[in-house]
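Numbers here are sequence positions counted from 1.
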Amino acid sequence: MLKKASPKRGEVWRGLPMDWLQLISNKRLGQESRHFERHDERSEFKRDYDRLIFSAPFRRLQNKTQVFPLPGSIFVHNRLTHSLEVASVGMSLGSDVARDLIRRNPSMAGTRIEELGTIVSTACLAHDLGNPPFGHSGEKAIQTFFSEGEGSKLKQYLSTPLWNDLTHFEGNANAFRILTHRFKGRREGGFAMTYSMLASIVKYPYPSTCCTDPMLLGQHLVKPDKFGYFNTEAETYARIAAELGLTASPSPTTLHPLPNPRHPLVYLVEAADDICYEVMDIEDAHKLKLLSFEQTKELLLAFFDEEVQKGIYRRIEEENITDHNEQIVYMRACVIGKLENECAAAFLANEEAILNGTFSGPLIKHISPRQREAYENCSKVAVTTIYKSKPVLDIELGGYRIMETLMQQMVDAVVNPERFYSQQLLRRVSSQYDIDSPDLSTRIMAVIDFISGMTDVFALDFYQKINGTSLPIV
């Protein structure tokens with residue numbers, strides 16, 4: 001066995017390096033006993049992809065806000081189109097990394113390493129599955145209902161882990177729950193996805209209790225408002241992590257358990273998301289005339305040196321692309337291609353640190369200086385021009401109020417289920433959610449499941465109905 005040196009002060013204490021062949025497992029959650037059965041020529045990872053594409057939670061993403069309000073006269077991105085584009089970039093990232101890993105180590109040829117592209121792409125499809133209606137304002141409405149609103153009165157009746165989950169509600173953790181939890185009428189293992197695909201969506205591999213740990217926060221090992229799985233799925237995550245070798249040793253200086261290291265493919269999923277949301281938001285802002293053609297062109301061309309810029313102009317002229325929107329589309333495509341190559345190169349350059357669990361991401365922070373500066377400039381413009389624009393603020397304000405009202409009404413109903421109005425409300429909840437459980441904690445989580453799974457339009461319609469402002473026409 002390899003002998004590990006003692007860590008220096010402030011250094012993260014990790015276990016032995018992760019192993020690629022252990023990390024890529026096609027074992028299915030809830031179907032472990034059937035692991036060696038095969039039914040057709042599709043790989044298990046392709047089966048994951050198909051299962052998600054045809055799922056109801058994925059389909060509902062078409063009616064969830066990405067950044068700009070839905071619907072509109074000018075089509076911009078929603079959660080579905082965003083997820084599909086992220087999956088496309090993720091496929092390229094995973095495939096490029098797999099090719100170069102095999103080139104470095106020919107013995108990996110013919111192994112499941114060749115399917116990295118499919119695994120990353122599928123994880124990209126799922127990365128926003130747990131986001132509630134109205135984007136981040138929906139997340140905030142759920143959190144603050146318990147931390148600041150009427151829900152704060154329930155703290156004494158709920159366990160500390162559950163309370164942390166509720167007051168830090170996170171779309172990433174909710175995605176893991178949607179895919180793994182056995183809702184009523186569902187099979188063991190939820191969607192029964194492969195271990196590697198599930199681990200690839202856990203961006204923050206620790207529970208919400210870590211978000212309040214002073215030692216972990218002080219050493220920047222966790223984020224105060226981000227976590228990867230709810231307490232109800234902690235055992236499931238632990239089983240997956242142990243199978244794939246995603247374990248961290250306890251700190252030699254404290255009794256605190258350290259967060260697990262990320263699965264390496266998380267970095268590729270994160271990079272695909274980073275590339276798409278930043279660049280595509282710039283394109284959407286141009287379509288909505290929040291940014292002029294000249295501003296948008298300047299932002300996109302900044303990713304390239306003068307020689308490459310000339311080549312882009314030459315290609316636009318050769319192809320006779322005179323429409324400004326189409327010119328921006330071409331420039332945007334060039335930027336995405338460049339950033340994909342940069343992030344794949346950054347992953348490969350830092351493979352050892354990633355496998356040791358010591359890499360400090362995201363990959364987008366490790367690309368070449370020119371591209372990093374251009375990306376950061378896009379981020380700054382997005383914050384000032386896009387995310388604080390009137391249409392975006394309007395949807396956040398309206399969405400927050402809708403979500404706050406739904407939380408108040410539904411939580412009150414499960415706390416006081418004997419009331420007539422409560423019973424009427426609870427009859428509207430899908431039978432898959434355990435809304436009638438004798439356990440209050442289970443009923444609270446059923447409310448979270450029900451509301452977070454709504455589309456923007458359904459949430460607005462439900463809000464209007466329970467407030468008496470929209471009645472069916474008889």
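For the side chain to side chain contact (heavy atoms under 4.5 Å, CB included) test with H127, the passing option among V266, D273, T122, N172 is D273; the others fail. Of the options L125, L80, L84, a side chain to side chain contact (heavy atoms under 4.5 Å, CB included) to L61 is made by L80 and by none of the others.
The heavy-atom pair separating P362 from E270 by the smallest distance is CB-OE1, 3.2 Å. Contact detail for Y277 and H82: the closest heavy-atom pair is CB-CE1, 3.7 Å. Looking at every heavy atom in both residues, F304 comes nearest to Q309 through O-NE2, 2.9 Å. When all heavy atoms of P261 and G357 are compared, the pair lying nearest together is CB-CA, 4.1 Å. Closest approach of K465 to D461, counting heavy atoms only: NZ-OD1, 2.7 Å. When every heavy atom of C378 is checked against every heavy atom of E278, the shortest pair comes out as O-OE2, 3.8 Å.
Side-chain atoms of D19 come within 3.5 Å of backbone atoms of Q22 as a donor-acceptor pair (strictly under, hydrogens ignored). When atom types are taken as modelled, the side chain of T212 and the backbone of T209 share a donor-acceptor pair closer than 3.5 angstrom. Under the 3.5 Å distance criterion, the side-chain polar atoms of T455 are left unmatched by any main-chain donor or acceptor of R60. Counting only distance, with no hydrogens or angles, the side chain of S379 and the backbone of Y375 share a donor-acceptor pair below 3.5 Å. Panel note: side chain R372, backbone I367; a donor-acceptor pair is recorded below 3.5 Å. Listed for the D412 side chain is no donor-acceptor partner under 3.5 Å among the backbone atoms of Q408.
In summary, the side chains of D165 and S208 do present a donor paired with an acceptor at a separation below 3.5 Å, with no hydrogens or angles considered. Checked by atom type, the side-chain pair T296/E283 shows no donor-acceptor distance below 3.5 Å. A donor-acceptor pair shorter than 3.5 Å cannot be found between the side chains of E115 and T118. Between H136 and E139, the side chains place a donor N or O and an acceptor N or O closer than 3.5 Å (distance only, hydrogens not considered). Inspection of the S368 and E342 side chains reveals an N or O donor paired with an N or O acceptor under 3.5 Å. With no hydrogens or angles considered, no side-chain donor-acceptor pair links T194 and N26 at under 3.5 Å.
Ring pair F462/F458 is parallel by interplanar angle, where below 30° counts as parallel and above 60° as perpendicular.
Using a 4.5 Å heavy-atom cutoff, the side chains of I24 and H263 are in contact. Using a 4.5 Å cut-off on side-chain heavy atoms (C-beta onward), I102 and E114 make contact. Residues L52 and L179 are in side-chain contact: their nearest non-hydrogen atoms beyond the backbone lie under 4.5 Å apart. Taking 4.5 Å as the limit, every side-chain heavy atom of C124 sits out of range of all side-chain heavy atoms of V89. Side-chain contact check for L244 versus S196: some heavy-atom pair is nearer than 4.5 Å. A 4.5 Å side-chain heavy-atom check between Q409 and E404 finds every atom pair outside the cut-off. Contact annotation: the side chain of N63 never approaches that of N78 to less than 4.5 Å [non-hydrogen atoms, C-beta and beyond]. By the 4.5 Å heavy-atom criterion applied to side chains, F191 and L198 are not counted as neighbours.
Taking a 6.0 Å sphere around CD of E298, one finds it holds 12 or fewer heavy atoms contributed by other residues, nucleotides or ligands. A 6.0 Å sphere centred on CD of Q432 holds more than 12 heavy atoms belonging to other residues, nucleotides or ligands. Counting non-hydrogen atoms of neighbouring residues, nucleotides and ligands closer than 6.0 angstrom, the NZ atom of K223 reaches no more than 12 such neighbours.
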message: One pair to check against side-chain contact (heavy atoms from CB on, under 4.5 Å): I178 and F58. What are the steps and the verdict?
response: CA-CA 11 Å; I178 287 171; F58 182 74; over 6 Å; no
D225/Q143 under side-chain contact (heavy atoms from CB on, under 4.5 Å): CA gap, chis, key distance, verdict: CA-CA 10 Å; D225 56 350; Q143 295 168 5; 5.9 Å; no
Worksheet item: So Q295 and S292, side-chain hydrogen bond (donor to acceptor under 3.5 Å, both in side chains) or not? Walk me through it.
Response: CA-CA 5 Å; Q295 288 174 308; S292 69; 3.2 Å; yes
In sequence, state the C-alpha distance, the side-chain angles, and the governing distance for R315 and E319, and then conclude on salt bridge (charged side-chain N to carboxylate O under 4.0 Å, His left out).
CA-CA 6 Å; R315 183 66 181 270; E319 297 287 338; 3.1 Å; yes
| said: As a quick check of understanding, evaluate ring pair (Phe, Tyr, Trp, His ring centres under 6.0 Å) for F183 and Y433, giving each step before the final call. | reply: CA-CA 6 Å; F183 294 98; Y433 305 126; 5.8 Å; yes
Evaluate the side-chain contact (heavy atoms from CB on, under 4.5 Å) criterion for residues I312 and I316: first the C-alpha distance (whole Å), next the side-chain angles of each, then the deciding distance (0.1 Å), finally the verdict.
-> CA-CA 6 Å; I312 292 173; I316 288 173; 4.1 Å; yes
- Task: Check step by step if side-chain contact (heavy atoms from CB on, under 4.5 Å) holds for R79 and Q62.
- Result: CA-CA 6 Å; R79 290 282 177 189; Q62 70 181 308; over 6 Å; no
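Taking 4.0 Å as the cut-off between side-chain N and carboxylate O, E351 and R104 count as a salt-bridged pair. The residues K297 and E294 are annotated as salt-bridged, a charged nitrogen and a carboxylate oxygen being separated by less than 4.0 angstrom. By the 4.0 Å N-to-carboxylate-O rule, D96 lies close enough to R99 to be salt-bridged with it. The residues K64 and D128 are annotated as not salt-bridged, no charged nitrogen and carboxylate oxygen being separated by less than 4.0 angstrom. Between K46 and D50 there is a salt bridge, since at least one side-chain N of the basic residue sits less than 4.0 Å from a carboxylate O of the acidic one.
Note: H366 and F359 meet the aromatic proximity criterion, with ring centroids under 6.0 Å apart. Between Y237 and Y229, the distance separating the two ring centers is shorter than 6.0 angstrom. Aromatic pair F145/F169: centroids not less than 6.0 angstrom apart.
Here the CE atom belonging to M197 is positioned 10.0 Å from the CZ atom belonging to R28, to the nearest 0.5 angstrom. Rounding to the nearest 0.5 angstrom, the gap separating the CZ atom in R177 from the CG atom in N174 is 7.5 Å.
Annotation: cation-pi geometry satisfied between R262 and Y267 (NZ/CZ under 6.0 angstrom from ring centroid, within 45° of ring axis).
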